[in-house]
Structure formats: C-alpha cells, structure tokens
Amino acid sequence: MSEKKKVIIVGAGVSGLSAGIYAQLNGFDTQIIEKHFISGGMCTAWYRKNYRFDYCIQWLAGSKYGTFYETYKETNVINDDVEILNMDIHNRNLSEDGTDMIVYTDLDRWQDYLIKKSPEDEKSIRRMCRDIRWCCYLKPFDLAPPLRSIWDYTKSFFSCFPALYMVLKHKNKSYAEYIRSLKFKNKDLEKKLINIYGECDFAAYAFLLIMSWYTKKNAGYPMGGSLEVAKRMQSRFEEYGGEMLLKKEVDEILTKNEKAIGVKLVDGTILQADYVISATDTYTTMYKLLKGNYVTDEFKKAFSNWSLFTSFVQVSFGINKKLETDFPVQVVLAKNKKIGNTQLDHCYRILNYNFDKTMAPENKTCIIFRFDSPYKQWKDLTKEEYQEEKRKIEEDTKKLLEFHYPGSSEFIEVCDVATPLTTIRYTGAWKGAYEGFRPSAKNVIKQLKQNLPKLGNFFMASQWLFPGGGIPPSVQSGKWAVQVICHKEKKKFISKK
C-alpha cells in the first residue's frame, strides 16, 4: 500500500477549511496551519460578557439550492440541523433628511413599493426588476476552470443565457451608472436608489446578482452566524482525520526545482509536503510567503489597478435591554460626518441582532455599528494614538446609539471596538480589506488563477481570487484546488462520503 501524499494548507479561513475537508476526503494526509487560536479567518465572532459579536455573515448566497448549496452541505457550512432565516428586508436606507427607502428581499413586494413611491417611473422600475429576474438564471460552475471542457461551457451558455446577457449588457457599468441609465423621472427616487451603494465603482451586475439571490430565497442567514459556520467546518475536517495546527504562523513557502515542497514556520520548524495550498490573501501569498519570486503580470495588474474593499471599524454593544426594531440592518447616510477621526465617505450601518437569539442573553440586545475607515489612517498610529482613537470612536458611537435608540445608552453593559488593525492582527488581510477586491466595472467578471505557471505543486484558495469575495467563492476555491490536485494525481475526485 503506497504512502499517502501530504497536503499543507496555509490558513484556516473557510477557503482553507474547505480545501482541507476535500483533501482528507480524497485520501491525502492534510495539515492546516493557522496563526490565530481559532479557525474561520474573517468568518468569525467573539464573546464579551456573554454577548457574541459577529464579524461576517449577514446573508449567504446559495443557502437554499444550487452549486454553492451543495458545496456547503459537503463542507458542513450548513446541514439539516441549521435553521436558515430568510429576512423580509435586505436593509433600510435612511437619508440625512430623515426620509427612508426600504429594500425588500421579495422582488414583487419591492417593485410594488417603488411604483407606489413613484408611479411615473413604473416602466423604469419594472425594467430594473426584470433585469434582476434574468440574473436568477446564473448557475455557478462546480468544476475548476482548468478541468472544464468546451461542452461544459456550451451547456452553461444555454442554461444561463439570460444572466449572461445581463453580464454583457451591464458589465462596463457601475451601479450608479446603471441606475441613471434607467432614466427615472423622479430624481429623489433615483438618488435614493443610488445611495444604496453610493457613487463608488461598485459593479451594476453585482447588485443585480445579489437581488436575484434574495428574490429566490437563496440568500438566507444561517442561525448562529459566522463562528458556528467555522466550527462546523473544522469539525468536519477533523472528523475526516485532518490535523489542525493553531497558533502556528507560516513564514515562508519552501520551493525546490520550481516546485512547492513545504513550509517554514516563524519558529523555524520545517514541514515537508507534496502539495501546498495557500489560503491567505493573495498579496500576502505573493510577497511574503513566496518572497515576491513568482508574481505574475496578472496579479501585478490586479494589485495595481483593482480597488480593495475599504477596511472598516466595528463597534459592538451588549445592551441589558431588549431594543426592538423593524429593520435588522439600517444604512444611515452620513457623508462627511466624523466618527473619531474618520470622515465618512458615504454611510454607517447599524445591525440589530434580535433575529438571532444566540447573539445575546435573553431580554438583552446585541447592536453593531460599522463604518468604512481607510487603512492609511491607522497604519502609522502610535500605541497611545491608537488607544485614544478607539476611545473617541466609542464615545461618538454611543451618541449615535442613543440617537437611534433613545434611552439605550444607560443599559450598555459592554462596548468593543475592532479596527482595521484588529483585522490585520488576526487575519493578516492586506490593508484590512475584509472581502478582498471590490467588484467593479473593470473586474466583475474576471477571476484570478489558482496556480502559478512557474511553481508546480502549489495552489491558492481564497476570496481574493474573485472580485466581490465572500464565503461562496471562498469555499468553492478550496474544492477546486483539490479537484485539480486529484486530476494531477490521476485520482477520481470525491465530493462526499
């Protein structure tokens, strides 16, 4: 009986956990190495005084059916015991003048709501909703790109044609440009629609796709949130016999004769492997772990030309009172308002987690505020300046909490401030970009390669390979990496027991 070949995976985020699960399932001896003391990467939460402050999942594309759903079941992201909550409201957008606009997850309801607001724009509203419905035909590939045949692409073309038509029609438009192209007569409605994402270069197609998942009830929330997802995935990996090395940091991916042969840890330990999968952000992979020796033009262009998701600050409150709301997620427009030393470019978000009883003790509430705060504002702060900035942010955010929930501030039991530097400290994400590259008109249909042409036996699995990031492509990329390894080893790929 031949000895099992070994796979080392750098990073225990959902990409790394996914790769580990499939590697074990397909007969490899697998180690996942993670610098943090828990798995999950960005898909995480933390406890403060019995409150759980979630950092990631608000909705999960593919929660009901399709390629992503099948991969979630295989990797234990969700299972038959996990309750999926489909919310009625995506979010409420609150304008500075006190008026609002609600984004309903049911497309017919949202369409009727918008037409009631602006009957003169019925034609434009119906056109937007039709575009969203056409995107419902998208079916992501389950097979890794290098393994697809012409027949695979032909079948996809015919089954996904309406969605592909939307790609071709709107791929060069930002969301704001798309809304303006609908030619709304009611400029106030047009402005409110644009304010959902603002004037940033967020791809029109990304918006259409998000809303299409919602309208098919395929973007639910897994009760228990992010931390429970990571725990379930780690449990599946270990159930299959994989080894998790926590609180161990990789310093370098070792190479010989243009092949990856293992890793060197920060403590000097050398671990040999037949294959290495890097499940960190791609910038760290290229310039830290591979010392800049294998950077391709494709990645150089992405790092230079593609915008990142702006890092953010999360202020979490544990409140000894039930704070009721009809709107679990609110986007409050506040351009140029300051929180601490951050001048807001667009808005701040308020998340009331009453819908998930695991987030706070009974009759108490977990409230989270988030706002974009560029990494450059944080990177050179001294320790004293950093602590002072966190203090200012806490003070300013408590005032916002009191404004939105009058009388609540006296019931605050705990306040936690997580900054871009917190994100970097625990995950290493380049510039604190929590979902990697922003999906823009430049890159929304592009995908970076998982392998490097001059380095054999090496693959990447990461949300950073897909503009827009998130859990679905992260989990899928782990699966794809192992599919290609199995193909190279002339093994039939197995996706489940």
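Bear in mind that the values here come from a model prediction, so they are computed numbers and not experimental data. All values below were derived from every heavy atom in this structure, side-chain atoms included, with hydrogens, water molecules and symmetry-related copies excluded.
- With W110 contributing its side chain and I102 its backbone, the two residues share a donor-acceptor pair below 3.5 Å.
- Side chain of S174 to backbone of E177: a donor-acceptor contact under 3.5 angstrom is found.
- Between Y55 and F312, the gap from one ring centroid to the other is short of 6.0 Å.
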Quiz prompt | Criterion ring-ring contact (aromatic ring centres under 6.0 Å, His included) on Y348 and F371, from CA distance to verdict | solution = CA-CA 5 Å; Y348 58 88; F371 61 91; 8.1 Å; no
Quiz prompt | Candidate pair W430 and Y375, rule ring-ring contact (aromatic ring centres under 6.0 Å, His included), full reasoning | solution = CA-CA 9 Å; W430 185 42; Y375 167 68; 9.1 Å; no
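- Between Y113 and Y104, the ring planes are perpendicular. Angles over 60° get that label, and only those under 30° would be called parallel.
- For residues 462-473, no pair satisfies side-chain hydrogen bond (donor to acceptor under 3.5 Å, both in side chains), with sequence neighbours left out.
- Here salt bridge (charged side-chain N to carboxylate O under 4.0 Å, His left out) pairs that include residues 407-422, with residues two or more places apart or in two chains, are R48-D416, K364-E413.
- Although no hydrogens or angles enter the test, the distance criterion places no donor-acceptor pair under 3.5 Å between the side chain of N363 and the main chain of K322.
- Between F369 and H404, the two ring planes are tilted [angle within 30° to 60°].
- Listed for the Q234 side chain is no donor-acceptor partner under 3.5 Å among the backbone atoms of K231.
- Under the salt bridge (charged side-chain N to carboxylate O under 4.0 Å, His left out) criterion, K248 pairs with D267, sequence neighbours left out.
- Here the options are K390, R391, K392, the test is side chain to side chain donor-acceptor pair (under 3.5 Å), and the partner is E388; only R391 passes.
- When side chains are defined from C-beta on, N79 counts as touching N76, because their heavy atoms get closer than 4.5 Å.
- Ring geometry for F53 against Y51 counts as parallel: the plane angle stays under 30°, on a 0 to 90° scale with 60° as the upper cut.
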Could you give the side-chain donor-acceptor pairs of residues 14-23 under 3.5 Å, partners two or more places apart or in another chain?
from: S15; atom 1: OG; to: S474; atom 2: O; distance (Å): 3.3
from: S18; atom 1: OG; to: V475; atom 2: O; distance (Å): 2.7
from: Y22; atom 1: OH; to: E74; atom 2: OE1; distance (Å): 2.5

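- No close placement of the H170 and Y205 rings is indicated, their centers lying 6.0 Å or farther apart.
- The aromatic rings of Y72 and F68 lie parallel to each other, with less than 30° between the two planes, well short of the 60° mark.
- Looking at heavy atoms from C-beta onward, M128 lies out of side-chain contact with D131 at the 4.5 angstrom threshold.
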Exercise. Could you give me the CA-CA distance, side-chain angles and deciding distance for W59 and Y221, then say whether ring-ring contact (aromatic ring centres under 6.0 Å, His included) is met?
Key: CA-CA 5 Å; W59 53 276; Y221 169 84; over 10 Å; no
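- When the salt bridge (charged side-chain N to carboxylate O under 4.0 Å, His left out) test is applied to K288, the partners found at least two apart in sequence or on another chain are E249.
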List, one per line, each side-chain donor-acceptor pair under 3.5 Å for residues 323-330, sequence neighbours excluded.
from: T325; atom 1: OG1; to: F327; atom 2: N; distance (Å): 3.0
from: T325; atom 1: OG1; to: F327; atom 2: O; distance (Å): 3.3
from: Q330; atom 1: OE1; to: R92; atom 2: NH1; distance (Å): 2.7

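- Electrostatic pairing of D80 and K73 counts as a salt bridge here, judged by a charged N lying under 4.0 Å from a carboxylate O.
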